[in-house]
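All remarks here apply to the structure that follows.
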Protein chains: 2
Amino acid sequence: MSIMSSQPKYQRRKEDRPQEIADAAFAAFAEKGYAATRIDDVAKRAGISKGLTYLYYKTKEDLFKAVVKNVVVRRVDTLIGNVESTNLSSEDFLRGPLLDFMKQVPGSPIAIVIRLLISEGPRHPDLVDYYYENVVARGLGAIRQFVTRGVERGEFHRDALQYQPHLFLAPMMLSMIWRLIFADKPLDTDQLMESQIEMLLAQLKA
Amino acid sequence: MSIMSSQPKYQRRKEDRPQEIADAAFAAFAEKGYAATRIDDVAKRAGISKGLTYLYYKTKEDLFKAVVKNVVVRRVDTLIGNVESTNLSSEDFLRGPLLDFMKQVPGSPIAIVIRLLISEGPRHPDLVDYYYENVVARGLGAIRQFVTRGVERGEFHRDALQYQPHLFLAPMMLSMIWRLIFADKPLDTDQLMESQIEMLLAQLKA
DNA sequence: ATAGTTAATGACTGGTGAGTCAGTAATGTC
DNA sequence: GACATTACTGACTCACCAGTCATTAACTAT
């Protein structure tokens, strides 16, 4: 019929599989949600057989947790890291890097993780704790730190700290949820976040 | 063994069943989410057999849509209605009834509906549209109306309208999501909303 | 080459749950 | 009381899918 193929049917790639599977799973979860995603779909996306998935992840739930942690460490960790090492004035930091960071979150994989946490979180409390400690607590901490610094430098007045750091993030949250639910309905989310930062700065300044 | 029971095994209650089933379904969805809820669970909660559910709702998806619409009309409709008929000054309205409304939303069934929309919305676009028109658009409209009135009366300055009504609701949104994910971690959500309203009023006032 | 190791396959199983429907009994009507 | 109507039951089907495992074939060492 034809010349014998010297192409092997598959290659063994022990090193890369876990990451590839996690990426495929993330894409699948993003599209259909956790419950509606079949392990078979994930395998197809990753270009492997269903069985192989189970060599690297014991259960579907294991895979789920790995996916969330994977996104968290890959994205947020570095971003928050950068942010912590700047030495801008408090005001410039809040208006600059923080605002930029906020603007890009609603369209990032973090939004997908939030969706997954909202729908599946109640059945994975350890995952929720992990996310709280590694993302939320650190994020809020970073903001609080910059407000504190602003007070120390006299840029902000003494009782500026009464404003909870959550207030900075509220419009980001709304933008994220808006996009998750009403993907098509337009909303100038950047404008929203800018207004909030300006408003807060006006309140904080001495 | 005993005196013959004259108690019938069941009563026919054609009128009440649909509502009872919807209530049971809402409770079940709230607890376990849409995908993880079995029709059998819903039936047990409603005190009926599984088969009867299908007499009143053709499919599980039908039931889901009915549940969401049911909650929406029963709760939000009346609330927004009340709000629209007050004749307080703009400032008093925003600080009073609006704030009160916002404070109780994160703990109300609306939060559950939001959770369901976030996780199942993408597969039910018509439901999303329904929700947008009947809740979101009307809610935002009501706020915009009060800001406009404030400008007309000279309470707020001319360009107060540049502030999107979404900004009022952002902390409410954050509080809601926070509770949905981190039910146990405390957060003074009332304080958050109060600060935001005060901040916005400070910006709006002439 | 050859044998040994193990990454990878894919057919299979067991459990589950949405949706069906033949039968039952509550209620209405005369 | 007898008959007709239909709300309601519960056992059943059938498709689907997480997880298993015997087998295959890609790689490695010698």
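Excluded from the calculations below are hydrogen atoms, water molecules and symmetry mates; all remaining heavy atoms, backbone and side chain alike, are included.
- Residues passing the salt bridge (Lys or Arg N to Asp or Glu O under 4.0 Å) test with A:Asp126, sequence neighbours excluded: A:Lys65.
- The salt bridge (Lys or Arg N to Asp or Glu O under 4.0 Å) check on B:Arg115 picks up nothing, with sequence neighbours excluded.
- Taking atom OH of residue B:Tyr54 and atom P of nucleotide D:dA11, one finds them 17 Å apart after rounding to whole Å.
- Residue pairs meeting the salt bridge (charged side-chain N to carboxylate O under 4.0 Å, His left out) criterion with at least one partner in residues 15-24 of chain B, sequence neighbours excluded, are B:Arg13-B:Asp16, B:Arg13-B:Glu20, B:Arg17-B:Glu20, B:Asp23-B:Arg74.
- Separating the CD atom of B:Glu61 from the C1' atom of C:dG17 is a distance of 17 Å, rounded to the nearest angstrom.
- Shown here are the ring-ring contact (aromatic ring centres under 6.0 Å, His included) partners of A:Tyr56, two or more places apart in sequence or in another chain: there are none.
- For B:Asp184, the side chain to side chain contact (heavy atoms under 4.5 Å, CB included) test picks out no residue, with sequence neighbours left out.
- Listed by chain and number, the residues in a side chain to side chain contact (heavy atoms under 4.5 Å, CB included) with A:Ala137 are A:Tyr132 (sequence neighbours excluded).
- Residue pairs satisfying the side chain to side chain donor-acceptor pair (under 3.5 Å) criterion with at least one member in residues 187-199 of chain B, sequence neighbours excluded, are listed as follows: A:Gln196-B:Gln196, B:Arg95-B:Glu198, B:Lys103-B:Glu194, B:Gln191-B:Ser195.
- Residues that satisfy the salt bridge (Lys or Arg N to Asp or Glu O under 4.0 Å) test with A:Lys185, not counting sequence neighbours, are B:Asp129.
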Polar atom pairs (N or O), protein with nucleotides 1-3 of chain D, under 3.5 Å:
none

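- The ring-ring contact (aromatic ring centres under 6.0 Å, His included) check on A:Tyr54 picks up nothing, with sequence neighbours excluded.
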* Structure fact -> Per-nucleotide protein contact along nucleotides 3-12 of chain C, 5' to 3', at a 4.0 Å heavy-atom cut-off (B base, S sugar-phosphate only, - neither), is ---BBSBB--

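- When atom types are taken as modelled, the side chain of B:Ser90 and the backbone of B:Phe146 share a donor-acceptor pair closer than 3.5 angstrom.
- Near DNA chain D, defined here as any heavy-atom distance below 4.0 Å, the residues from residues 30-46 of chain A are A:Thr37, A:Arg38, A:Ile39, listed numerically.
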